[in-house]
Protein chains: 2
Amino acid sequence: MTRRDLAAMIAPLQRALIAAEMPVLRAHGLSMWGYVVLSALDSEPIRTQAALAEFIGADKSRIIGVLDELEDQGFLQRTRDPADRRARLLAITDEGRRKRNAVQAEIQRNEDRLLGRLPLDDRSAFLRALATLSALPPQ
Amino acid sequence: MTRRDLAAMIAPLQRALIAAEMPVLRAHGLSMWGYVVLSALDSEPIRTQAALAEFIGADKSRIIGVLDELEDQGFLQRTRDPADRRARLLAITDEGRRKRNAVQAEIQRNEDRLLGRLPLDDRSAFLRALATLSALPPQ
DNA sequence: TATTGTTATACTCTATAACTATA
DNA sequence: TATAGTTATAGAGTATAACAATA
């Protein structure tokens with residue numbers, strides 16, 4: 001029995017999900033990477049920019065503009081690490097957490113509409129499978 | 001009950017799938033878009049470049065270099081449409097079909113290794129769900 | 001005038017390589 | 001000398017606009 005390539009099926013789905021996120025993010029004044037950063041800081045204890053960059057799979061130079069903007073918006077604080085004055089410690093603010101939660105709620109509401117097309121047990125199996133596969137080591 | 005964003009789970013999976021495809025494609029002398037084009041032509045009756053571009057969700061100007069290369073490689077033929085001499089009719093060659101099938105077999109073998117991490121019924125539900133969600137209209 | 005395929009141009013993303021300040 | 005963060009530069013990928021041939 002033949003099937004389509006996984007990547008070929010996932011690509012349009014990913015496109016659709018991102019297209020649905022865009023207006024939500026824009027309405028909240030967040031960039032895609034800004035949302036990714038807030039989500040990372042909200043769910044994991046991350047200390048430095050280098051640690052953050054590695055966690056979200058981006059280069060350390062790529063996130064700087066994002067952090068600058070988030071800090072300007074008051075969603076993030078950067079403080080020098082007293083123990084190593086080269087490093088900057090990252091902390092999401094209460095406002096940042098609120099913003100992230102509001103955006104996520106809207107995004108997941110959209111996603112749930114999509115998931116609603118699936119039979120109930122396919123849906124939970126799908127989410128379970130995604131959670132497993134997304135957590136695999138890169139290799 | 002909270003879950004991660006769909007997009008956030010799909011993104012690393014997509015990255016992993018593409019990373020696994022790259023060496024296979026390179027070994028066969030195909031670009032990613034070249035493979036996409038051959039797959040489209042092999043599975044759907046597509047006549048013109050405009051139709052192909054729309055089918056794979058790319059701009060018509062973006063596929064030209066891809067088509068040039070595939071033609072050079074002998075995987076594709078372009079002929080002027082006698083009924084409308086502006087248009088060029090696309091046809092995958094036998095060699096192109098063979099190449100596409102060989103590449104797809106290798107790619108899916110990799111993918112199957114990933115899917116092997118899932119319990120059997122989750123796996124079929126996952127594939128079923130993906131087929132459904134990837135086929136949804138962009139909206 | 002509109003459309004097909006093509007080419008040229010500009011823009012966005014990303015990766016890489018310098019640079020600074022600390023260690 | 002090495003590392004954290006920053007800035008500058010260059011490259012890839014993409015979108016848009018202009019163009020020639022045909023309708």
Side-chain angles (χ1 to χ4, degrees), chain A residues 7 11-12 14-19 21-23 25-26 30-37 40-41 45-72 76-92 138, chain B residues 7 11-12 14-19 21-23 25-26 30-37 40-41 45-72 76-92 138:
Chain A
Q14 178 77 327
R15 262 204 300 247
L17 290 171
I18 288 178
E21 285 192 16
M22 288 308 236
L25 290 170
R26 189 157 31 231
L30 274 187
S31 69
M32 180 73 72
W33 282 109
Y35 176 62
V36 170
V37 166
L41 292 177
I46 293 170
R47 289 173 50 82
T48 65
Q49 296 186 191
L52 171 65
E54 208 214 314
F55 182 75
I56 65 177
D59 191 87
K60 64 189 165 118
S61 69
R62 216 168 74 189
I63 61 174
I64 292 188
V66 181
L67 297 177
D68 289 345
E69 192 177 39
L70 289 174
E71 202 175 18
D72 284 349
L76 176 77
Q77 275 195 330
R78 286 195 276 197
T79 56
R80 291 264 164 222
D81 184 349
D84 179 348
R85 295 189 43 71
R86 292 172 304 182
R88 309 184 72 172
L89 302 178
L90 302 175
I92 188 173
Chain B
Q14 178 76 328
R15 262 203 300 249
L17 290 171
I18 289 177
E21 286 192 14
M22 287 308 236
L25 291 170
R26 190 158 31 232
L30 273 188
S31 68
M32 180 73 71
W33 282 110
Y35 177 61
V36 170
V37 165
L41 292 178
I46 292 169
R47 288 174 50 83
T48 67
Q49 295 186 191
L52 171 65
E54 209 214 314
F55 183 74
I56 64 178
D59 191 87
K60 63 186 166 121
S61 68
R62 215 168 76 192
I63 60 173
I64 293 189
V66 181
L67 296 178
D68 289 344
E69 191 176 40
L70 289 175
E71 204 175 15
D72 283 349
L76 177 76
Q77 274 196 330
R78 286 194 276 197
T79 55
R80 291 264 164 223
D81 183 349
D84 179 350
R85 294 190 42 73
R86 293 172 303 182
R88 307 185 71 172
L89 301 178
L90 302 174
I92 188 173

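Chain identifiers are assigned alphabetically (A, B, ...) following the order of the sequence lines, protein sequences preceding nucleic acid strands; residue numbering begins at 1 within each chain.
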Checking I18(A) against Q14(A) for the side-chain contact (heavy atoms from CB on, under 4.5 Å) test, could you report, in this order, the C-alpha distance in whole Å, the side-chain angles of both residues, the deciding distance, and whether it holds? CA-CA 6 Å; I18(A) 288 178; Q14(A) 178 77 327; 4.1 Å; yes
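For R15(A) and dT14(D), the CZ to P distance is 10 Å, given to the nearest whole Å. In this structure, the CG atom of D59(B) is 11 Å from the P atom of dT14(D), given to the nearest Å. The CD1 atom of I46(A) sits 12 Å away from the P atom of dG5(D) (whole-angstrom rounding). Regarding I63(B), its CD1 atom lies at a distance of 13 Å from the P atom of dT14(D), rounded to whole Å.
Distance from the side chain of A87(A) is smallest to dG5(D) among dG5(D), dA15(D), dT22(D).
Annotation: the terminal axes of the helix from dT1(C)-dA23(D) to dA23(C)-dT1(D) meet at 20°, where each axis is the rotation carrying the C1' atoms of four end pairs onto the next four (5 pairs per end, rounded to 10°).
Within 6.0 Å of atom CE in M32(A), more than 12 heavy atoms from other residues, nucleotides or ligands are found, so the atom counts as buried in its surroundings.
Within the 4.5 Å cutoff, no side-chain heavy atoms of V66(A) are placed close to those of V36(A).
For DNA chain C, the neighbouring residues in residues 50-58 of chain B, judged by any heavy atom under 4.0 Å, are A50(B). Within residues 76-84 of chain A, the residues approaching DNA chain D are R78(A), by heavy-atom distance under 4.0 Å.
Regarding contacts with the backbone of dA12(D), every side-chain N or O of W33(B) stays at 4.0 angstrom or more from both OP1 and OP2. The phosphate of dA15(D) (OP1 or OP2) has a side-chain N or O of R62(B) nearer than 4.0 angstrom.
The outermost nucleotides of DNA chain C lying under 4.0 Å from heavy atoms of chain B, listed 5' to 3', are dA2(C) to dT7(C).
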Atom pairs under 3.5 Å, N or O on each side, protein against nucleotides 19-21 of chain D: can you list them with distances?
none

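Within 4.0 Å of S61(A), counting heavy atoms only, lies at least one base atom of the nucleic acid.
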Cut-off 3.5 Å, no hydrogens considered: what does the side-chain donor-acceptor table look like for residues 85-92 of chain A, sequence neighbours left out?
from   : atom 1 : to     : atom 2 : distance (Å)
R86(A) : NE     : D84(A) : OD1    : 3.2
R86(A) : NH2    : D84(A) : OD2    : 3.1

